[in-house]
Every structure is written in C-alpha cells, then in structure tokens.
J.: 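Sending over a structure as structure tokens; questions will come in a sec.
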Amino acid sequence: VWLAAYGLFALSENSMVLSAAIFITLIGLIIYLHFVKIDQESLLVIGSLGIQVTSSYASGKESTTFIEMGKVKDVVINEAIHMQKVIYYLCILLQDPEDPQGVSEVVPLFQSSKPRLDCLIEVYKSCQEILEQRTTPPQSS
C-alpha cells in the first residue's frame, strides 16, 4: 500500500494519495487487532458440564466456544509436520452421534499460542483426570 501510494504521489503530487494510504493502513491495523491477533487462549473443563474455550483478541474482544461433555469423546495431543518441523497441539475429539465408537469432528486448541509439548502434556493430564472422573462412578470407602 505504501509503495503504491508513494508511486502515485510521485506521479500526481497529490497529498490525498498519502492520506489515503495512512487511512487504509490504520483501518487494516484495527481489523487485524480486532479479528486476527489473538492475545490469550484459555481452556476451562468442568466434568459435569463441558469444555469452554476462550480466545481473547488484542483489541479486548473475546470469543467463547462451549462443548457439552456428552459430545466429548476424548482429548488428545496430535502432531503435525509443518516446514520440516513437528508441531504438537491439543485436540478435542467429538463423538459421532450415529456411531458411539467413531469421531465426528476434531477441534484443535491453542492454535495461536502454540504452547510447548511439556505444557501441553500438563494440560492433557488434567483433562484426562476430569474425563476419567466423568466415566467412572465414585468409589465408596
């Protein structure tokens, strides 16, 4: 945008071209901060209710997704190869309503923050503890 604006300014010598470039840049920055730049991601798992995933954008906007626990089949650490690098990420596997053994959807978590594997393992262990309590009846002593 800036190179095109300076080129047009050099040809036309009209300062409105530079003003338009500044305006377009500011609008682009606001759109980026409000819709693209995620500042923080969080995961809240409540065994009796479900899983809440929240993304906080740099502008302060928050986006929240809730997944009912009845739809959750499992939480896994998945791996992908990207640019000659192995990337690990946490996923929620959603249960297929037609096939109880099948998976209908894979929901990736922490896509913007990309935490290290050791951090993902800690979150994974905590999620598995909660999921195990959901499936096993309480033991009486």
J.: Is it the case that one hydrophobic cluster holds both Phe110 and Ile87, taking links as side-chain heavy atoms less than 4.5 Å apart, direct or via other members?
T.: no

J.: What distance separates Ile92 CD1 from Ile67 CD1, expressed to the nearest 0.5 Å?
T.: 4.0 Å

J.: How long is the span from the SG atom in Cys127 to the CG atom in Leu90, to the nearest 0.5 Å?
T.: 6.0 Å

J.: Considering residues at least two apart in sequence or located in another chain, which fulfil the side-chain contact (heavy atoms from CB on, under 4.5 Å) criterion with Ile27?
T.: Phe23, Ile31

J.: With side-chain hydrogen bond (donor to acceptor under 3.5 Å, both in side chains) as the rule and sequence neighbours excluded, what pairs involving residues 79-90 come up?
T.: Asn78-Tyr89

J.: State the CG-CD1 distance between Leu29 and Ile24, to the nearest 0.5 angstrom.
T.: 14.0 Å

J.: Sequence neighbours excluded, which residues qualify as side-chain contact (heavy atoms from CB on, under 4.5 Å) partners of Ser126?
T.: none

J.: Could you walk me through whether Val45 and Met69 pass the side-chain contact (heavy atoms from CB on, under 4.5 Å) check?
T.: CA-CA 9 Å; Val45 182; Met69 196 55 82; 4.0 Å; yes

J.: Each residue besides Val103 in its hydrophobic cluster should be listed here, by chain and number; the cluster joins Ile, Leu, Val, Met, Phe, Trp and Tyr at side-chain heavy-atom distances under 4.5 Å.
T.: Val76, Leu93, Val106

J.: Tell me, which pairs form a salt bridge (Lys or Arg N to Asp or Glu O under 4.0 Å) where one or both residues lie in residues 99-121, sequence neighbours left out?
T.: Arg116-Asp118

J.: Quick one: OH on Tyr57 to CD1 on Ile38, what's the gap to the nearest 0.5 Å?
T.: 4.5 Å

J.: Taking only residues at least two apart or on different chains, which pairs with a member in residues 40-53 satisfy side-chain hydrogen bond (donor to acceptor under 3.5 Å, both in side chains)?
T.: Glu41-Ser113, Gln52-Thr54

J.: If I compare all heavy atoms of Pro97 with all of Ser104, which pair ends up nearest, and what's the gap?
T.: CD-CB, 4.4 Å

J.: Are side-chain heavy atoms of Glu122 and Cys119 found at a separation under 4.5 Å?
T.: no

J.: Please give the remaining members of the hydrophobic cluster of Phe66, linking ILVMFWY side chains under 4.5 Å, ordered by chain and number.
T.: Leu44, Ile46, Leu49

J.: Can you tell me how far CG of Leu33 sits from CG of Asp39, rounded to the nearest 0.5 angstrom?
T.: 9.5 Å

J.: Who pairs with Gln128 by side chain to side chain donor-acceptor pair (under 3.5 Å), at least two apart in sequence or on another chain?
T.: Asp74

J.: Which pairs, with at least one residue in residues 60-72 and sequence neighbours excluded, count as a side-chain hydrogen bond (donor to acceptor under 3.5 Å, both in side chains)?
T.: Ser56-Glu62

J.: Taking all atoms of both residues into account, what is the closest heavy-atom pair of Ser59 and His34, and its distance?
T.: OG-ND1, 2.9 Å

J.: In terms of hydrophobic clustering (I, L, V, M, F, W, Y; side-chain heavy atoms under 4.5 Å; direct or indirect links), are Val36 and Leu26 co-clustered?
T.: no

